[in-house]
Amino acid sequence: MDFKLGRINLNAVAQGVGGLVFGNETSASSDDSYVERLLDRISNGVLAEDRRSAMTELQSIVAESRSAQLAFGAMGFPVLMGVLREERDDVEMVRGGVETLVSALTPIGSAQGPKNEVQATLMNSDLLSREVENISLLLSLLSEEDFYVRYYTLQLLTALLTHSQNRLQEAILTIPRGITRLMDMLMDREVIRNEALLLLTYLTREAEEIQKILVFEGALEKIFSIIKEEGGSDGGVVVQDCLELLNNLLRYSASNQILLRETMGFEHITSILKLRGSSYSFTQQKTVNLLSALETVGLLLKGGRETDPGKDSNRLANQTVLAQQKVLDQLLMLGIESQWVAVAVRCAALRCIGDLVARHPQNRDVLASKMLGEEPNAELALNSILQTILRTSSTQEFLAADYVFKRFCEENASGQARLVSTLVSKTNAGTHSPLENASIKFGRELLQGLTVNESDGDLESCCRAASVLSHLLKDNVQGKEQVLQVKLDGPAQSLGTPEPLMHRMVVYLALAASMKNKDNDHKGSSSARKSYTQPIILRLLVTWLAECPNAVESFLDSRHHLTYLLELISSSSETVFTKGLAAILLGECVLYNKSAESGKDAFMVVDAISQKIGLTSYFLKFEEMQKRFPFVAKNAEDRKPLTRSNTASMEDVEDAEDEDSDQKHDENFVLMSIFDTRFVDLLKNLEANIRESIVELYSHPKSKVVVMPAELEQKNRESNEDYIKRLKSFVEKQCSEMQDLLGRNASLAEDLAKNGGSGASNSDRKQNGGRERVQNETLRRGLQEAMQQLEILKSENAKLREEASTYQNLANSKESDLQSLSDAYNSLERNNNQLENELEFLRKGSSQPYIDIEAIKTEAKEEAQKESDAELSDLLVCLGQEQTKVEKLSTRLAELGEDVDSLLEGIGDEIPEDSDGDEEEE
């Protein structure tokens, strides 16, 4: 055989590994040498029985000793893989080899060794999975006829997956028909099938390629077939494994969800949720199976990964199909109607109801009109969910039922308006239809939850009702205005007249703080339930005041509200979230304050913040709360998929039923519910706007009347140029002073940042910094006013210059016109003088003739005309003579038989050319 051992090398390896790792050289060396001898018998033995006996002994010691496991990992894998590869005909040897490998990868006992101790199972898994050939060899064993060979091989592959998941997933993908061989095991005997199911659940975790191949190989059909064969939700752990595998295939794959919806549909899933037989018969396994099936429904209602571009369309399609399968009825049965169901199942069902109606108008309408029970005791499903919120003793169930209202109210203005209207309805319930009467009952029960006696449990009921009201008012300005009109009767006669609902909420906020302090002093067990009362009420108030000036005005109607908020923010005993939300609420009183009444306007609120808290400390509350947001978001993402490991015991399932089991756990879940993504985004936007609003108030004076400094006014008889020079000098002086103040403020800010803003010296710095900011702001406003006045003067100067230029051009034009008129006048005057002289000459009868130019011209023209007429007469005589000659010649030629016309043709055309030629010769 080619897998023989070298004794010397193995001794050295075994002693080195055992002695160094475990410290007990005697015990380790004994186990190492024993493992070495057994491996030598297996590889070099002659007798088959001896070799089989050695294999049995090796399996036994490896299953019992960690040092033997470590020694086997150092030198045993080549031997056993050689047996599996070359001795396939010896079933007992192959079976023993595979079982030994399983023992080498299985942890021994629950006791943990030293932290620096090498984990033998992890090391062995790493050694075995390094070579793809080893995985291929193990997969080939699944085709063996021996039952135990296939069984142990599946166990071995499962053990490898638990320790080296990624490496084994990659190896199986590269092996031809690797996944197909595993799928074939689902059709094997029941025990083999169950092991194959468990193996596939490990194999498909976060492995999209393997998930797609399994679906293509028909895994969905086989899963539902096994579930039906095992009895659905009443089945055993096999049903749980099937559902876990199904969830792995659907969790991150929208394509697999679409394939399931369009081929098999969702009726196989909804049928698992149907309760059969006695409604009160719920075993631990049935509870786990229902939780797994509800997880499947939840995955379908999410639609796939958040980053998937087709997630929303797939989610809507899944919501529609599930609603058509009447899944809402089964969810309401599990979540509301059946009180025998475990709390964990009720919570999961309620969350599925919330996801079913989220952003789906048709499903929301179905839930809004859904009636539970039979007449005359039937009531709205929403009323029953509200009763669960107000009356349950489980924090988890309260949060799950509250989640339904949160999802129902998202982007559902009509639904919010319908529920808010029940709070302000004053009509007689008997005059309406049963559905309308049930709706009015919703408002009465919600108000009752807000007005019960202020005992421990009742105060918690108040905060739960406040949580529901916050969902009704989210992004609902009209609803906020309506609820402002709601007035509540006092819990005792001594409280007198009814007070507004908002004022009652502030009273409960203060009462919760005082009760929490008392509980902390007495270390009472009920303190945990009240730890989240303040954040829930503050969330309601923050939501209510957002974008609602009338709500701000109502809140500030009582001066005590502002005083209490300032004390709450300054309290050292409150949590970061309570102080942060109180700071946001106080900032809304600035941001949305439209009041002009003295003592209630935004300037008053800012002054109170500056005097009682200080702006630096106030803004620090925002930053401290924001630092905790990632922690809350991380906890929200820590919901792990349901697997065998986290549902191994009944205690794991029943944890949610023990309300006092983990107080911190409940508080974290409440914080996760309060600070969801939408509310955190609202807080971040509010913080930015509040900062900007406060800075804006500090940047502008309260009075709108602007007083111009005397230096900016123009003096009498001061020219524009001198005035502009004086303004420039004034502005330069203001800029110099402003730069000096900015430098001093920077130094103060740097000192404040280094010293942390605490102590008396820091208080002085705050006061000095405040004075510097006021002076700085005054100078800045003066500079702006001077610059504005300077710009006005420059504009007026430019206009004057433009007008002067226009007048100058007009004057030049008039002067040119005047010169032209003067020249014309001089010409006329000369002509007039000439005419007067001629007239005087004629009167005196002077002998000197007057020269008449026009007469001379006329005479010359007449003489030229006479000469022209004479020349014309001569030409006409010559032409007449020539005409006579032509006529005589034509007659003669006709007599001679010549064609006169043909002879004369063209003579007239040649005359001009001859004339030209004559002219050229001349």
- Is any side-chain heavy atom of L367 less than 4.5 Å from a side-chain heavy atom of R407? no
- Hey, does the side chain of K480 reach the backbone of A546 with a donor-acceptor pair shorter than 3.5 angstrom? yes
- Task: Verify side-chain contact (heavy atoms from CB on, under 4.5 Å) between N593 and L556, making sure each step is shown before the conclusion.
- Result: CA-CA 10 Å; N593 194 325; L556 294 177; 3.4 Å; yes
- Query: If you round to the nearest 0.5 Å, how far is CG of L334 from SG of C347?
  - Reply: 12.0 Å
- With sequence neighbours excluded, residues passing side-chain contact (heavy atoms from CB on, under 4.5 Å) with D557: H503, E553, S554, K600
- Quick one: CZ on F622 to CG on L686, what's the gap to the nearest 0.5 Å? 8.5 Å
- Any salt bridge between E410 and K406, counting N to O under 4.0 Å? no
- Determine yes or no for a side-chain-to-main-chain donor-acceptor pair under 3.5 angstrom, with T451 supplying the side chain and L447 the backbone. yes
- Query: Any side-chain donor paired with an acceptor under 3.5 Å for S394 and T392?
  - Reply: no
- Please step through side-chain contact (heavy atoms from CB on, under 4.5 Å) for the pair L545 and M502, ending with a clear verdict. CA-CA 10 Å; L545 267 61; M502 176 178 288; 3.6 Å; yes
- Query: Side chains of E445 and N383: do they bring a donor and an acceptor to under 3.5 Å?
  - Reply: no
- Item | Any donor-acceptor pair under 3.5 Å from K370 side chain to D329 backbone | no
- Message: Between T388 and S384 (side chain of the first, backbone of the second, donor and acceptor by atom type, cut-off under 3.5 Å), is there such a pair?
- Response: yes
- Query: With side chains defined as the heavy atoms from C-beta onward, is the minimum distance between R539 and V542 less than 4.5 Å?
  - Reply: no
- Side-chain donor or acceptor of Q416 paired with backbone N/O of H471 under 3.5 Å: yes
- Query: Does the side chain of I353 come within less than 4.5 Å of F408's, by heavy atoms?
  - Reply: no
- Query: By side-chain contact (heavy atoms from CB on, under 4.5 Å), which residues pair with V366, not counting sequence neighbours?
  - Reply: L328
- Taking Y618 for the side chain and I569 for the main chain, is one N or O donor matched with an acceptor at less than 3.5 Å? no
- Task: For R346, check salt bridge (Lys or Arg N to Asp or Glu O under 4.0 Å) against everything at least two apart and list the hits.
- Result: E397
- From T395 atom OG1 to N668 atom CG, the distance as rounded to the nearest 0.5 Å: 12.0 Å
- Query: So, Q319 versus R315: side-chain donor-acceptor pair below 3.5 Å or not?
  - Reply: yes
- Message: Given H360, which partner from the list T320, N412, D355 fulfils the side chain to side chain donor-acceptor pair (under 3.5 Å) test?
- Response: T320
- Message: Using side-chain heavy atoms (C-beta onward) and a distance below 4.5 Å, is L419 in contact with V468?
- Response: no
- Euclidean distance, L509 CG relative to C463 SG, rounded to 0.5 Å: 11.0 Å
- Message: Treating Y564 as the side-chain partner and V506 as the backbone partner, does any N or O pair qualify as donor plus acceptor under 3.5 Å?
- Response: no
- Item | Test item: S570 side-chain N/O and L566 main-chain N/O as donor-acceptor pair under 3.5 Å | yes
- Query: Can you check whether G580's main-chain N or O pairs, donor with acceptor, with E574's side chain at less than 3.5 Å?
  - Reply: no
- Query: Backbone N or O of L356 within a donor-acceptor pair of the N363 side chain at under 3.5 Å?
  - Reply: yes
- Message: Is the distance from the ring center of F405 to that of F442 below 6.0 Å?
- Response: yes
